[in-house]
Amino acid sequence: MYKGIAGSEGIGIGKVVLIEEHEINVETKTVTDTDAEIARLQNAIEKFVTDTNNMADRMDETVGKKDADILRGHIQMLQDPMIEEQISALVISEKITAEMAVDQVLEQTAEMFSQIPDELLQQRATDFRDIKTRMLKILMGIEDVDISQVPPGTVLVARDLTPSMTAGINPDNIAGILTEVGGRTSHSAILARAMEIPAVLSIDNICSIVKNGDAVVLDGTSGEAIVNPDEETVAKFEEMYKTFQEEKAMLKAYAGQPSETKDGTKVELVCNIGKPEDAKKAVECDGEGIGLFRTEFLFMDRDSLPTEEEQFEAYKSVAETMKGKPVIIRTIDIGGDKEIPYLGLEKEDNPFLGFRAIRFCLKRRDIYETQLRALVRASAFGKIKIMVPLVTCIDELRQVKAMVADIMKEYDAQGVEYNKNIEIGVMMETPAACVIADILAKEAAFFSIGTNDLTGYTMAVDRGNAKVAYLYSTYNPAVLRSIKRIIECGKKEGIMVGMCGEAAADPKLIPLLLAFGLDEFSVSATSVLKTRKTISDCDVEECKALAEKVMACVTEEEVLEILK
């Protein structure tokens, strides 16, 4: 058995098709006719654009616009004036081939992104390496394998499943995916989940272990794969597959149902989104609102700040799509740990403890005020709430509220419509916010617990560091006590307390969160029905009895033993 990261749930049974990476050797050569080399480069870029648009159009049909846009984003990344100019300048100044210039510039850019201690932004490294590989293949005349032609029952095995590879996938023919790299937030995982293909990622050397035609069974929920299993194992996985499909069909019964426990305690079950178009998926999956709109994605993959009008239209479209349901919009969480080249931010030794999120916003009020103005205007079109990230002291919340109040006065004078009762809340994701939760609850309209960062900061762990990753766990008593305290402080002041971190969809933690009194669960769109089922299976009094036992535990192992 091989263990990896559970990237996309489900059971896969099939035969291996190995996506082998061609060895691309870029030879060191000088050129005399740089004009001809620039022409070669431009022809390759044009072919890249045409091919990518064709692949994205196919993905529109098989996966959907949101994921096809990942590929369209590759065109913007390659045609970024800075990137194109760097490549052309290298050809001219160094008199080198287009291949060498493409290789150097795109690899340097990928390496820059790979060093950023933020999992989502590290995926940009994969994007740039994918672009580089495809450009080099075009320049060198190397043809790719056509994944669209693989037979039914195929388990794709690759070092990494890049967006360009997935463009040709027919989900009906793919039983599963295994890769050597990638995490829960990688494009491999996102695209696999969007196509509902079971996937296990980050299995060491899996490409060397398997060969074409090998039989494989995999469990995308537990992150396990078995190569050339015996008949008994295959029979076991066939039964698991049948059970999984029955459970999936059964979850449809929870569409349109209230999100409430067996004993009638109602909660809000809402969705996390990163782009305005994601709101449509939230509606399709029966989400009851938006619990987290990560607005920093509006600022990425471009070469200048989005205007107030662009932001207004984005926020307005989400509010209108949700038709009066709550929409919590987190203000920009960018800074030293999120590389946005056009902002010219200085590199920091410890960016997660540095100039980011609300700290950046309050220093760059020109940027922040533009966003707040757009948010206040958009509040006229739905139930928009503003959430402030990375709060560590009451002054930060007060400054944001004062800025919003000034904008409202200006809009009153101009006759601009907006929601005069717009709520401003806090994303509770730092130990400092937890310690002063009683103070913050008196002035915040709501709390939303960001368990991903709260866990990392509370345990003083960089989750990207394999040597200490074992400490990164929401089940740790220190993290559970922090969550409990935040909820208690919010409830005491009568404000809504939600959760938008991964823990909100964890079936083992949901009973605890209900016992603590959590009001709102914000999950990925595809997790809505599963989370609703888990909630509906719970009785709050039974949950409280469970919580009492759990909170008496002194180790993570004891906690897990009880929750299992």
Side-chain angles (χ1 to χ4, degrees), residues 1-19 147 150-159 161 169-184 186 188-189 191-254 475 502 505-511 524 526-527 529-534 536-537 557 560-564:
M1 180 186 290
Y2 299 97
K3 185 75 179 166
I5 291 171
S8 177
E9 66 178 9
I11 303 299
I13 303 169
K15 301 279 188 184
V16 167
V17 170
L18 189 58
I19 309 300
I147 294 178
V150 299
T154 289
V155 174
L156 288 178
V157 181
R159 183 181 177 278
L161 194 69
I169 283 181
N170 176 355
D172 294 336
N173 290 350
I174 309 299
I177 293 167
L178 302 178
T179 69
E180 290 187 354
V181 300
R184 280 282 304 172
S186 67
S188 310
L191 291 165
R193 289 196 293 271
M195 291 184 281
E196 298 186 316
I197 299 172
V200 181
L201 314 176
S202 284
I203 302 177
D204 287 343
N205 299 315
I206 191 63
C207 292
S208 305
I209 292 163
V210 301
K211 61 183 184 298
N212 281 314
D214 277 348
V216 173
V217 294
L218 65 117
D219 184 343
T221 306
S222 65
E224 296 167 342
I226 300 169
V227 179
N228 293 321
D230 56 30
E231 288 182 13
E232 186 181 341
T233 302
V234 172
K236 175 187 161 189
F237 270 77
E238 284 174 344
E239 192 58 37
M240 288 166 65
Y241 176 82
K242 184 181 171 188
T243 302
F244 180 80
Q245 293 302 116
E246 287 170 352
E247 287 176 354
K248 190 174 163 186
M250 176 270 295
L251 287 176
K252 291 178 182 174
Y254 290 86
Y475 305 112
E502 292 290 320
D506 186 337
K508 291 194 289 293
L509 284 173
I510 286 170
S524 65
T526 52
S527 298
L529 296 185
K530 193 174 181 182
T531 304
R532 184 172 289 150
K533 180 192 181 301
T534 304
S536 70
D537 287 341
E557 288 73 22
L560 279 168
E561 189 59 38
I562 292 172
L563 292 181
K564 280 175 182 174

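Values in this document were obtained by computation on a predicted structure and should not be read as measured data. The residues of the chain are indexed from 1 along the displayed sequence. In what follows, every heavy atom counts, from backbone to side chain, and hydrogens, waters and symmetry copies are set aside.
When side chains are defined from C-beta on, Glu247 does not count as touching Lys533, because their heavy atoms never get closer than 4.5 Å. For the pair Leu251 and Lys530, the minimum side-chain heavy-atom distance is below 4.5 Å. When side chains are defined from C-beta on, Glu232 does not count as touching Lys236, because their heavy atoms never get closer than 4.5 Å. When side chains are defined from C-beta on, Val16 does not count as touching Lys211, because their heavy atoms never get closer than 4.5 Å. Looking at heavy atoms from C-beta onward, Leu560 lies in side-chain contact with Lys508 at the 4.5 angstrom threshold. Within the 4.5 Å cutoff, the side chain of Val217 has no heavy atoms near those of the Ile11 side chain. Counting only heavy atoms from C-beta outward, the side chains of Phe237 and Asp219 approach each other to under 4.5 Å.
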- Starting from the C-alpha separation in whole Å, work towards a yes-or-no answer on side chain to side chain contact (heavy atoms under 4.5 Å, CB included) for Asn173 and Thr154. CA-CA 6 Å; Asn173 290 350; Thr154 289; 5.6 Å; no

- Trace of the side chain to side chain contact (heavy atoms under 4.5 Å, CB included) decision for Leu509 with Tyr475: CA-CA 8 Å; Leu509 284 173; Tyr475 305 112; 3.6 Å; yes

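Of all heavy-atom pairs between Ser222 and Ala6, the closest is C-CB, 4.2 Å. Closest approach of Ala158 and Ile19 over heavy atoms only: CB-CB, 3.9 Å. The two atoms that bring Gly213 and Lys15 nearest to each other are O-CD, 3.4 Å, heavy atoms only. Between Ala192 and Ile177, the shortest heavy-atom distance links the atoms CB-CD1, 4.2 Å. The heavy-atom pair separating Ser202 from Val181 by the smallest distance is OG-C, 3.5 Å.
When the options Leu18, Ile197, Ile147 are evaluated for a side chain to side chain contact (heavy atoms under 4.5 Å, CB included) with Leu156, the one that passes is Ile147. Under the side chain to side chain contact (heavy atoms under 4.5 Å, CB included) rule, Glu180 has a single partner from Ile203, Leu201, Ile206, which is Ile206.
Here CD1 of Ile209 is found 12.0 Å from CG of Asn228. Values are rounded to the nearest 0.5 Å. Separation of atoms CD (Glu196) and CD1 (Ile174) is listed at 15.0 Å; rounding is to 0.5 Å. Taken from NZ in Lys564 to CD1 in Ile562, the straight-line distance is 12.5 Å, to the nearest 0.5 Å. Atom OG in Ser527 sits 7.0 Å away from atom CD in Glu9 (nearest 0.5 Å). Between Tyr254 atom OH and Leu529 atom CG the span is 10.0 Å, to the nearest 0.5 Å. For the atom pair CD1 (Ile510) and CG (Leu563), the distance works out to 11.5 Å, reported to the nearest 0.5 Å.
Within 6.0 Å of CD in Gln245 there are more than 12 heavy atoms belonging to other residues, nucleotides or ligands.
At a cut-off of 3.5 Å, with distance as the only test, a side-chain donor of Asp230 or Thr233 sits close to an acceptor on the other residue.
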